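All remarks here apply to the structure that follows.
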Amino acid sequence: MRSLNLFLVSLLMLPYASGAGDWCYDFISPNCGPGTWSGKHPQCAGRSQSPIDIITKKATPDPKLTDITFKGYLDPDTSLNWALFNDGHSVQLILNGSITISGGMLPGTYKADHLHFHWGTATSPGSEHTIDGTQYPMEMHIVHLNQNYRSKEEALKHPDGLAVVAFMFTESDSDAKDFNFIQYLKHVKNYHDKYTIKPFSLENMIPNDLSKNRVYYRYQGSLTTPTCNQAVIWTVYKEPIPLSKDQLNEFPKTLHYNDTSRIVSNFRPIQNLNGRTVYVFNSGSLLFRFNLLMCVIGIRALLLFN
Ligand SMILES: *[C@@H]1O[C@H](CO)[C@@H](O)[C@H](O)[C@H]1NC(C)=O
Ligand SMILES: *[C@@H]1O[C@H](CO)[C@@H](O)[C@H](O)[C@H]1NC(C)=O
Ligand SMILES: [Zn+2]
């Protein structure tokens, strides 16, 4: 009887429960969509929320920023397994093994946890961050945890707990031959589906040379889903990854939330900057080199005159 009651209760809670948690995107219902999140998750109403619109002209060059060092992305440990997972909001690839990022003024080494995507519909874009007001067709988030913290739960309590690397996607005329991730989507069509895959080089998913000398934007923000913890150091690469329209459409076409409903437009609207600074790393730019030079001259001068 007790288990029957539990069963009935879970049926009644279906609109929320089947969306993995007590929140959703508007495609399921505006009653649990982003506009309502802060009711149950107060952090979603914080002042350092993500995503944001990145206004490139207002981004502050920071000469202390450097390229990010990606480790284990090209040669992941193939004796382990990775898991692909439909969580009802997106598709997640759980990254197993020693895959890390460091450098780029990150305060420590961050271990890759998983990556996931935000997309639109067959006809509308779905990135979370926008750049100069432009929303891209899709956005990938590679979520890393600060190794100084014991657990994900602990990391989520600190402003430097997570480092998320974001890549935009753009529509190109031809298929990207090596973006082999898409072939796996059919194995996790439905909510809760899980599929084990052998680790593969993530080089294929990221613009060549693992983002060396590429422009990125840096700011302090939050998870873009409840519980919206303001625990994320964001790195948003400017250069988008090109995929064909068909490849991009595989996401909203294949991935389902329930038998009849596809996962579409799973992005949070942009949030207020509230006075935060967005920094830009652009090793190639003249202004950036000039700033670096002035910084070096400044330090020399300080040393000389002290
Ligand atoms: C699937 O989800 C949609 C959106 O919440 C809902 O309208 C529909 O009734 C659901 N279908 C099933 C079979 O549960
Ligand atoms: C990592 O790989 C090992 C070895 O295959 C496996 O036992 C473990 O469950 C994997 N962990 C995750 C989080 O997928
Ligand atoms: Zn995300």
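Keep in mind it's a predicted model, so treat the numbers as computed, not measured. Order of listing sets the numbers, starting from 1, for every ligand and every atom in it.
Nearest to atom 3 (C) of ligand 1 by heavy atom, out of Ile28, Asn31, Asn258, is Asn258. The heavy atom nearest to atom 4 (C) of ligand 2, considering only Leu80, Leu95, Asp113, is found in Leu80.
Using cut-offs of 30° and 60° for the angle between ring planes, the Phe27 and Tyr25 rings count as parallel.
At a threshold of 4.0 Å, the pair Arg218-Asp62 does not count as salt-bridged, since none of the basic side-chain nitrogens sits closer than that to a carboxylate oxygen.
For atom 10 (C) of ligand 2, the closest non-hydrogen atom on the protein side is Asn96 ND2, 2.3 Å. Among protein heavy atoms, the minimum distance from atom 13 (C) of ligand 2 is reached at Ile94 CG2, 4.2 Å.
Defined by atom type and a distance below 3.5 Å, a donor-acceptor pair is missing between the side-chain atoms of Gln135 and Ser127.
The side chain to side chain donor-acceptor pair (under 3.5 Å) test with His118 singles out one residue from His141, Glu139, Arg268, and that residue is His141.
Looking only at side-chain heavy atoms (C-beta outward), Pro125 and Trp119 stay at 4.5 Å or farther from each other.
Of the polar atoms of Tyr257, none of the N or O atoms is found under 3.5 Å from an N or O of ligand 1, judged by distance alone. Considering backbone and side-chain N/O atoms, Asn81 comes within less than 3.5 Å of an N/O atom of ligand 2.
When distances from the Zn ion (ligand 3) to the N, O or S atoms of His141 are compared, ND1 comes out shortest. Looking at His116 and the Zn ion (ligand 3) together, the shortest N, O or S contact belongs to NE2.
Within the listing of ligand 1, atoms 1 (C), 10 (C), 11 (N) sit less than 4.0 angstrom from a heavy atom of Thr260.
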Evaluate the side-chain contact (heavy atoms from CB on, under 4.5 Å) criterion for residues Ile52 and Tyr219: first the C-alpha distance (whole Å), next the side-chain angles of each, then the deciding distance (0.1 Å), finally the verdict.
CA-CA 10 Å; Ile52 57 165; Tyr219 78 99; 3.7 Å; yes
Stepwise, does the side-chain contact (heavy atoms from CB on, under 4.5 Å) test hold for Val164 with Thr235?
CA-CA 6 Å; Val164 182; Thr235 301; over 6 Å; no
